[in-house]
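First comes the structure, then the notes that go with it.
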Amino acid sequence: MALAVGIRGLTRSLLRPWVRVPGPARGRTEPAAGGGDGVRCFGSPRVLVEPDPAAGFAVMKMRNPPVNSLSLEFLTELLISLEKLESDKAFHAIILTSDCPGIFSAGLDLMEMCGRDPTHYAEYWKAVQELWLRFYLSHLVVISAINGVNAAGGCLLALSCDYRVLADNPKYAMGLNETLLGIIAPFWFKDTLVNTVGHRTAERALQLGLLFPPAEALQVGMVDKVVPEDQVLSAARSELAQWLAIPGHARQLTKSLMRKPTADRLLKERDADIQNFVRFISRDAIQKALRVYLEKLKQKKT
């Protein structure tokens with residue numbers, strides 16, 4: 001219910017053309033990321049969109065500090081921003097990146113999975129599923145400009161994109177590290193990773209909860225390009241030219257041909273996947289492990 005309420009509330013503002021956003025972006029009138037003159041940024045408290053309709057793309061910046069954890073509200077805002085761009089014929093592509101220094105996304109918000117009731121867990125997991133489905137199957141070209149650490153659900157979001165550019169910083173490791181928290185990556189996380197890096201690499205990475213530094217991420221195929229940190233966005237823009245040169249209908253149908261079987265598996269088993277998640281996350285041992293981990297994080301902050 002909260003997801004629906006959030007969508008209704010945010011839609012009223014987001015669906016007005018080029019709404020300026022509150023917070024750090026208030027009053028921004030600089031050209032958009034691609035150089036579109038006079039086009040203003042829009043978005044929501046946790047997502048900033050810098051449109052360049054003349055060039056046919058927008059830069060979507062995640063800004064849910066400190067680590068872009070995927071809270072229910074943040075998931076909702078990402079989905080609404082994507083829907084807005086998909087519904088506007090001026091846009092053919094998105095560059096997804098982070099507005100939080102040194103962090104692309106730390107993944108799922110553990111606060112959404114600890115100390116809540118089963119109804120909330122089900123609602124949250126449905127929103128996580130929806131984010132993956134919408135980005136994975138988007139008719140837009142989606143390129144991730146990974147400019148920070150990228151773990152677990154954040155890594156899944158990047159893997160859902162069509163192309164990945166990673167900053168060459170040894171601190172910016174990425175991977176599906178759920179097992180380190182005593183959590184099992186669901187089958188559609190696994191399928192997405194297998195489709196990207198192959199079965200053997202994915203099997204080892206998932207069991208060990210590996211986070212790959214840039215050179216290794218490139219070697220195993222988790223990312224497509226590694227560039228100096230100050231060139232991540234420019235490299236993503238340059239790559240877009242090749243993708244946008246392809247006739248849109250042909251590229252979109254080919255993307256669907258490649259990805260639909262993977263997505264269909266979740267669509268067929270969606271309710272069962274939610275039930276499995278709720279049962280798993282509600283277990284006393286899992287809740288205890290999450291509380292211990294969250295307490296450690298609080299101690300680090302202090």
Side-chain angles (χ1 to χ4, degrees), residues 6-7 10-11 13-26 28 30-36 39-65 67-71 73-101 103-107 127-128 130-148 150 153-167 232-240 243-244:
I7 290 177
L10 286 169
T11 299
S13 62
L14 282 176
L15 294 186
R16 295 197 299 270
W18 316 126
V19 171
R20 285 186 291 175
V21 295
R26 183 183 297 278
R28 291 176 62 169
E30 70 271 21
V39 179
R40 292 178 175 177
C41 304
F42 69 95
S44 57
R46 299 170 184 84
V47 180
L48 173 66
V49 179
E50 297 177 344
D52 190 349
F57 76 93
V59 176
M60 184 185 295
K61 293 184 175 180
M62 300 182 288
R63 51 174 196 167
N64 189 33
V67 294
N68 282 331
S69 56
L70 299 173
S71 65
E73 292 81 5
F74 187 30
L75 292 170
T76 303
E77 293 178 26
L78 283 168
L79 286 166
I80 292 174
S81 294
L82 176 62
E83 181 178 352
K84 176 173 174 57
L85 292 169
E86 287 180 330
S87 65
D88 192 326
K89 294 182 179 179
F91 295 101
H92 307 287
I94 296 171
I95 295 175
L96 178 67
T97 192
S98 170
D99 205 35
C100 297
I103 293 286
F104 185 79
S105 174
V128 175
E130 188 68 17
L131 184 77
W132 176 72
L133 287 167
R134 292 296 300 275
F135 272 89
Y136 192 65
L137 296 176
S138 177
H139 69 267
L140 300 175
V141 177
V142 187
I143 292 182
S144 54
I146 306 166
N147 53 346
N150 189 24
C155 179
L156 179 74
L157 183 57
L159 294 177
S160 302
C161 299
D162 299 293
Y163 192 90
R164 287 164 288 282
V165 179
L166 175 60
V232 173
L233 271 177
S234 61
R237 292 190 196 105
S238 296
E239 184 61 31
L240 265 182
W243 290 79
L244 294 180

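FYI, the numbering just counts along the sequence from 1. Small disclaimer: the values here were computed from a predicted structure and weren't measured.
Between I94 and V49 there is no side-chain heavy-atom pair separated by less than 4.5 Å. Looking at heavy atoms from C-beta onward, F91 lies out of side-chain contact with K84 at the 4.5 angstrom threshold. With a 4.5 Å cut-off on side-chain heavy atoms, L240 and I143 count as touching. In this structure, the side chains of M62 and F74 come closer than 4.5 Å at one or more pairs of heavy atoms. Under the 4.5 Å side-chain criterion, counting only non-hydrogen atoms from C-beta, M60 is in contact with V47. By the 4.5 Å heavy-atom criterion applied to side chains, F104 and N147 are counted as neighbours. Put simply, the side chain of C155 reaches to within 4.5 Å of the side chain of N150, judged on heavy atoms.
Listed here is the closest heavy atom pair of A55 and L244: O-CD1, 4.1 Å. When all heavy atoms of L233 and V59 are compared, the pair lying nearest together is CD2-CG1, 4.3 Å. Shown here for A58 and P51, the closest heavy-atom pair between the two residues is CB-CA, 3.8 Å.
The line from OG1 of T97 to CD of E50 is 9.5 Å long, rounded to the nearest 0.5 Å. Note that CD of E130 and OG1 of T76 are 10.5 Å apart. Values are rounded to the nearest 0.5 Å. A distance of 7.5 Å separates OG in S44 from CG in L78, rounded to the nearest 0.5 Å. Rounding to the nearest 0.5 Å gives a distance of 11.0 Å between OG of S98 and CG of L48.
Judged by distance alone, the side chain of S69 and the main-chain N or O of A106 form no donor-acceptor pair under 3.5 Å. Here the side chain of D162 pairs a donor or acceptor atom with the backbone of V142 at under 3.5 angstrom. Formation of a donor-acceptor pair under 3.5 Å by the S138 side chain with backbone atoms of L140 is found in this model. Side-chain atoms of R164 come within 3.5 Å of backbone N or O of A158 as a donor-acceptor pair.
In this view, N64 satisfies the side-chain hydrogen bond (donor to acceptor under 3.5 Å, both in side chains) rule with no residue, not counting sequence neighbours. With sequence neighbours excluded, the residues that form a salt bridge (Lys or Arg N to Asp or Glu O under 4.0 Å) with R46 are E77. With sequence neighbours excluded, the residues satisfying ring-ring contact (aromatic ring centres under 6.0 Å, His included) with Y136 are W132.
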Take V128 and L75 through the side chain to side chain contact (heavy atoms under 4.5 Å, CB included) test and state the conclusion after the steps. CA-CA 7 Å; V128 175; L75 292 170; 3.8 Å; yes
Step by step, work out the side chain to side chain contact (heavy atoms under 4.5 Å, CB included) result for H92 and W243. CA-CA 10 Å; H92 307 287; W243 290 79; over 6 Å; no
Candidate pair L70 and S105, rule side chain to side chain contact (heavy atoms under 4.5 Å, CB included), full reasoning: CA-CA 8 Å; L70 299 173; S105 174; 4.0 Å; yes
